[in-house]
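Right, one structure below, let's go through it.
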Amino acid sequence: MSLPFDQSEKLAAYAHPEKLVTTQWLADHLGEPGLVVVESDEDVLLWNTGHIAGSVKVDWHTELNDSVTRDYVDGEGFAALMSAKGISREDTVVVYGDKNNWWAAYALWVFTLFGHPDVRLLDGGRAKWIAEDRPTTTDAPAPTATTYPVVERQDAGVRAFKEDVLAHLGGKLIDVRSPQEYTGERTHMPDYPEEGTVRGGHIPGADSVPWARAAAEDGTFKPRSELEAIYQDEKGLSPQDDVIAYCRIGERSSHTWFVLSALLGFDTVRNYDGSWTEWGNAVRVPIAKGPDKGGPA
Amino acid sequence: MSDDLDPSPTAGLPPAMAEIVEDFQALPDRERLQLLLEFSNGLKPLPAEFDGHPELMERVDECQSPVFVVVEVDPSQAVHLHVSAPPEAPTTRGFAGVLQEGLEGLPAQVVLDLPPDVCSRLGLDRAVSPLRMRGMTGMLARVKRQIRVSTAA
């Protein structure tokens, strides 16, 4: 049973207003049957310091990723996770998190790989909820295990692998990292030359659109008209384009994936989760350095 | 010094740090995080001379959050660590708390001789992402560098 959609005016302008809710909507519906709130943060301890009442923590590192292979959990793993968190296939899931919802968007994207029917993002995330002095608690919920079906993960359509990106060279690519990472000026942290990636730069032909350009001061998404001005007017993308977004490990590009697919209604947007930690370490893949996009190799 | 042939997580550690490592190692994964949260809550507030003065401290770039660290080496060569880390970064605060408690009052040379992998001895690698672990390793590296600078003068 799905909860009603948020009818707020700002959200109504987006291509898929049913994919997100405002903090007011969540405050109004908190505790209703059929709603599960999920917090997903970069910081694995943040939820423990205080969270929206009844919310369950889903950790990207220990719960969504496979612990051995660099991949996501499989259908059985996801079903077990959902069951443990008290989430049914019919539930409306609202995800929120820290860092402008990077990890929340990433979690939502993983839910999408398993086709969870109704999953929405809290516009503004954890920061906005707290900035509005809305209540939090350290009480841990005790979810009742559900029977979540084993659904095979469907990567096609929303996830790109390195081979897909190689085949896509010459097509539309968006690099959402910082300008310094894009140019290759920053390849590693000071004092740690051995960490990160062995090569700096970007995938040839990729446009630089740092993820933060889609975010307003308060962490909410910018209104649709402002997003169109960036991605469509300035970068010349069109909703019919086949677009691949990437960053360092796929979390910031999940934010942009959400912007393009849910807010602007692009039909084909894939997140390349291997991102720069794969590309910048891969042997013999083409790389462009400097501020120019560089042509396809 | 750490030795690749010695598998003990406390090998080469001064007593206070060895005790912290033992406390972590004695717990199952989930409770290790809870202990880290306690260290996060126990991080001491900055002394007055640094409070509100990040320009007097060093930013730890390896941390995603604004984290600042400053080390004082007193006339007896004992080390005192001060760290500023926001409440939105409890994991980083927790690591800072571990270092603060584990290093407090140690002779400068003992801190310089700490094995570089001391952070991973806590057994949090499975629960904490590599990026976070890098933040803590970065913090320790900066602590050592500041000690080297202030003891060389």
Side-chain angles (χ1 to χ4, degrees), chain A residues 39-51 57 59-68 70 84 97-100 102-103 106 125-131 136 138 140 177-178 180-181 186-197 212 219 247-252 275-277, chain B residues 28-43 58-67 69 85-98 116-117 119 122 124-146 148-149:
Chain A
E39 176 163 341
S40 208
D41 297 317
E42 177 179 278
D43 193 307
V44 66
L45 278 178
L46 192 53
W47 176 89
N48 304 61
T49 67
H51 50 262
K57 169 165 84 173
D59 185 58
W60 65 278
H61 178 60
T62 56
E63 296 182 316
L64 295 178
N65 286 358
D66 184 88
S67 59
V68 180
R70 184 174 173 187
D98 65 351
K99 305 272 173 188
N100 286 279
W102 287 354
W103 304 97
Y106 184 81
R126 181 182 167 97
K128 185 159 196 283
W129 183 271
I130 287 172
T136 58
T138 52
R177 299 172 300 159
S178 65
Q180 293 82 3
E181 289 171 283
R186 181 188 294 166
T187 55
H188 58 76
M189 307 293 189
D191 289 343
Y192 297 92
E194 79 280 12
E195 288 182 340
T197 49
C247 59
R248 202 184 64 84
I249 54 172
E251 89 291 18
R252 289 174 286 179
S275 278
W276 200 255
T277 50
Chain B
D29 273 2
R30 187 175 294 270
E31 291 170 38
R32 284 179 194 178
L33 276 179
Q34 200 58 36
L35 181 56
L36 191 65
L37 185 61
E38 286 170 26
F39 275 98
S40 169
N41 294 333
L43 184 67
E58 182 181 4
R59 167 125 197 205
V60 183
D61 289 332
E62 292 81 10
C63 293
Q64 299 283 294
S65 315
V67 173
V69 54
E88 305 82 60
T91 301
T92 305
R93 282 182 61 88
F95 284 143
V98 166
D117 69 341
C119 312
L122 300 173
L124 286 163
D125 298 51
R126 275 190 305 278
V128 175
S129 75
L131 193 66
R132 287 270 153 206
M133 295 304 300
R134 192 175 304 166
M136 188 179 178
T137 309
M139 214 181 307
L140 179 60
R142 279 158 201 278
V143 166
K144 288 188 180 186
R145 198 175 62 197
Q146 286 188 27
R148 271 194 293 273
V149 169

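Sequence lines set the chain letters: A, B, ... in the order given, protein chains first and strands last, and positions in each chain run from 1. What you see is a predicted model, and the numbers here were worked out from it, not measured in a lab.
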Based on non-hydrogen pairs under 4.5 Å, which of A:Asp41, A:Asp98, A:Leu45 is most in contact with chain B? A:Leu45

Nearest non-hydrogen partners of A:Asp59 and B:Ala127, listed with the distance: OD2-O, 4.4 Å

Applying salt bridge (Lys or Arg N to Asp or Glu O under 4.0 Å), name anything that partners A:Lys128, two or more places apart in sequence or on another chain. A:Glu132

Proximity of residues 31-40 of chain B to chain A, residues having a non-hydrogen atom under 4.5 angstrom: B:Leu33, B:Gln34, B:Leu36, B:Leu37

Could you work out, with salt bridge (Lys or Arg N to Asp or Glu O under 4.0 Å) as the rule, every residue matching B:Arg30, not counting sequence neighbours? none

Do you know which of A:Val44, A:Thr62, A:Asp43 makes side chain to side chain contact (heavy atoms under 4.5 Å, CB included) with B:Val128? A:Val44

Listed partners of A:Glu63 passing salt bridge (Lys or Arg N to Asp or Glu O under 4.0 Å), at least two apart: A:Lys85

